[in-house]
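To start, the structure under review is shown below, and the notes come after it.
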Protein chains: 2
Amino acid sequence: MRFARLQTADGIVNAVASGDSWRHIEDPFAETLAYTGAHTPADDAILLAPVRPRVIVGIAHNRGNNDHPLPMQAWHKSPHSVANPGEIIPVRRDIGTVNIEGELAVVIGRQAYQLTESNAFDHVFGYAVANDVTNIDQVPRDEKNFQAKSGINYTPLGPWIETEIADPENVATEVVINGRVVGQSGSFNLPSSVLACLVYVTSWLRLETGDVILTGAPNTFFAAQPGDRVEITLAGIGTLTNTIG
Amino acid sequence: MRFARLQTADGIVNAVASGDSWRHIEDPFAETLAYTGAHTPADDAILLAPVRPRVIVGIAHNRGNNDHPLPMQAWHKSPHSVANPGEIIPVRRDIGTVNIEGELAVVIGRQAYQLTESNAFDHVFGYAVANDVTNIDQVPRDEKNFQAKSGINYTPLGPWIETEIADPENVATEVVINGRVVGQSGSFNLPSSVLACLVYVTSWLRLETGDVILTGAPNTFFAAQPGDRVEITLAGIGTLTNTIG
């Protein structure tokens, strides 16, 4: 199923995709979905970031080129940085190059702590597209990924959450900037698997419903310039589009 | 004024101290406080962490001994780690030494971004005592402060927020473990001032109402053992007490 958050005339609502419309629901994380009876035609829908995490954890695979055996590390990104599909990302001009990074985002469905390889995916609600915007020139002076990962609207999420992915370890990713394909890769190129990310992060940190793990950019990071239109497509999920401001 | 969050028979309420009781209020961050008319005698009050931040930022002064001119760095700590006064901190046994750290916590009162030295304190709501529990033996293998700072109940906050501090740069700190004074220091020993922390953090990150900055441990960090009773007193604020589990 596809779960979205919509901006409507009556406020923000949760919804699930059904044919050509979004059927409004109460809590998307409830065991049994409660439909309100209202719906929004898909063509009219104003999509928001599909979840409001309290915790966002990114994965540092320690090498972007997938040839290094170092163990992964993790870091936090501010939940205030979550942006909607279509929102402008106002990159800073005074801090060097800013990268966009196309990533598979894992949305946690229920409390997750010290998960094992056999139960980790049971705690996953679904998957979305993330753009992990990064002040890449800050990395050498910021081993904690604070300066590198902070910025207004630096974590676009969307366009919705897909709960039915055949294999999260095999999600193809395509990054298009200004209509030109600049990168093709996928979660199969991550140095550590999605499963390994879930096990590692929760070996230290308790995650709660709605929290998000950004699984890393498998050669899907590119410098962005003001005015660029960035489209990140994850096969089986959808396309997240934002403009650099 | 002192602001607390109380557990009552009617649920969680916000309150302000008034003589021997806590007067219940609506939003503590409102420009004009709205009193509900109810109150809780101070002796009966069950104090919770006085705020539920969405973002907690810690400060790495890069040397604990205050003799090093390196610039500060910052890092995020999970808001799920906030614990109440009196709660047990279940330190992990399998990861080396666990430190308690007595710190001055700054609670943000309104949106704060790119603050200056002249306006930074205008965005502060008040101050509380924090215990920044740390898996200190993880630091050498975890430059991002993820493994080092993650754990259940690893951020006790309390016992309340004090909004009237004569000088946040001169708050004396005392750490007592099992009734014995183990450390005496204060914010005056921080390598970077509280003001500098506010300016640095918000030069990168937008903070929102209720967010918290942990300003660092000026020689107020000590190894803790299961069973230890830890009391951290900040002059003019109060004493935060927790037990290591």
Side-chain angles (χ1 to χ4, degrees), chain A residues 52-62 70-83 90 92 94-95 108 111-114 133-135 138-155 197 200-213, chain B residues 52-62 70-83 90 92 94-95 108 111-114 133-135 138-155 197 200-213:
Chain A
R52 295 198 68 217
R54 276 176 59 87
V55 166
I56 302 172
V57 176
I59 304 293
H61 294 277
N62 289 325
L70 270 185
M72 75 185 89
Q73 284 191 295
W75 44 274
H76 289 268
K77 196 168 185 181
S78 169
H80 301 321
S81 68
V82 170
R92 287 175 59 160
D94 55 345
I95 50 161
I108 300 297
Q111 192 176 85
Y113 188 51
Q114 300 187 334
V133 182
T134 302
N135 301 320
Q138 298 300 313
V139 170
R141 68 195 78 177
D142 171 35
E143 62 191 5
K144 294 183 170 38
N145 263 2
F146 176 75
Q147 299 179 194
K149 297 293 187 177
S150 295
I152 306 296
N153 285 354
Y154 263 32
T155 313
C197 293
Y200 169 71
V201 169
T202 65
S203 74
W204 292 99
L205 190 71
R206 189 175 63 197
L207 298 177
E208 305 286 351
T209 302
D211 288 345
V212 166
I213 298 177
Chain B
R52 295 197 69 217
R54 276 175 59 89
V55 165
I56 302 172
V57 176
I59 304 294
H61 294 278
N62 289 326
L70 270 185
M72 76 184 89
Q73 284 191 294
W75 43 274
H76 288 268
K77 196 169 185 179
S78 168
H80 301 320
S81 69
V82 171
R92 286 176 59 159
D94 56 345
I95 52 162
I108 299 298
Q111 191 175 84
Y113 188 51
Q114 300 187 333
V133 183
T134 302
N135 302 321
Q138 298 300 312
V139 171
R141 69 195 78 177
D142 172 34
E143 61 191 5
K144 293 183 169 41
N145 262 1
F146 176 75
Q147 301 179 191
K149 298 293 187 177
S150 295
I152 306 295
N153 285 353
Y154 263 33
T155 314
C197 293
Y200 169 70
V201 169
T202 65
S203 74
W204 292 98
L205 190 71
R206 188 176 64 198
L207 297 177
E208 304 286 351
T209 302
D211 288 345
V212 166
I213 298 176

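All figures in this text were calculated on a predicted structure; none of them were measured in a lab.
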Q. So which of A:D211, A:N135, A:V55, A:I152 has the biggest tally of heavy-atom pairs under 4.5 Å with chain B?
A. A:I152

Q: Looking only at non-hydrogen atoms, find the nearest pair between B:A74 and A:K144 and report the distance.
A: O-CB, 3.6 Å

Q) Which is it for A:R54 and B:R52 under the side-chain contact (heavy atoms from CB on, under 4.5 Å) test, yes or no, and what are the steps along the way? A) CA-CA 11 Å; A:R54 276 176 59 87; B:R52 295 197 69 217; 3.6 Å; yes

Q. Nearest 0.5 Å, what's the NE2-CZ distance between B:H80 and A:R206?
A. 8.0 Å

Q. So, for B:W75 and A:F146, which heavy atoms are closest and what is the spacing to 0.1 Å?
A. N-CD1, 4.4 Å

Q. Is chain B contacted by the side chain of A:S203, its backbone, both, or neither, given a heavy-atom distance below 4.5 Å?
A. backbone

Q) For A:Q114, is it the side chain, the backbone, both, or neither that has a heavy atom closer than 4.5 Å to a heavy atom of chain B? A) side chain

Q. Rounded to the nearest 0.5 Å, how far apart are NE2 of A:H76 and CG of B:N145?
A. 9.5 Å

Q: Identify which part of A:V201 has an atom lying under 4.5 Å from any heavy atom of chain B, answering side chain, backbone, both or neither.
A: both

Q) What heavy-atom pair brings B:D142 and A:Q73 nearest, and what distance separates the two atoms? A) CA-NE2, 3.1 Å

Q. In terms of heavy-atom proximity below 4.5 Å to chain B, should A:Y113 be classed as side chain, backbone, both, or neither?
A. side chain

Q: Report the distance from atom OG of B:S78 to atom CG of A:L207, rounding to the nearest 0.5 Å.
A: 7.5 Å

(Q) Among A:R141, A:Q147, A:K149, A:K77, which residue has the highest count of heavy-atom pairs closer than 4.5 Å to chain B? (A) A:Q147

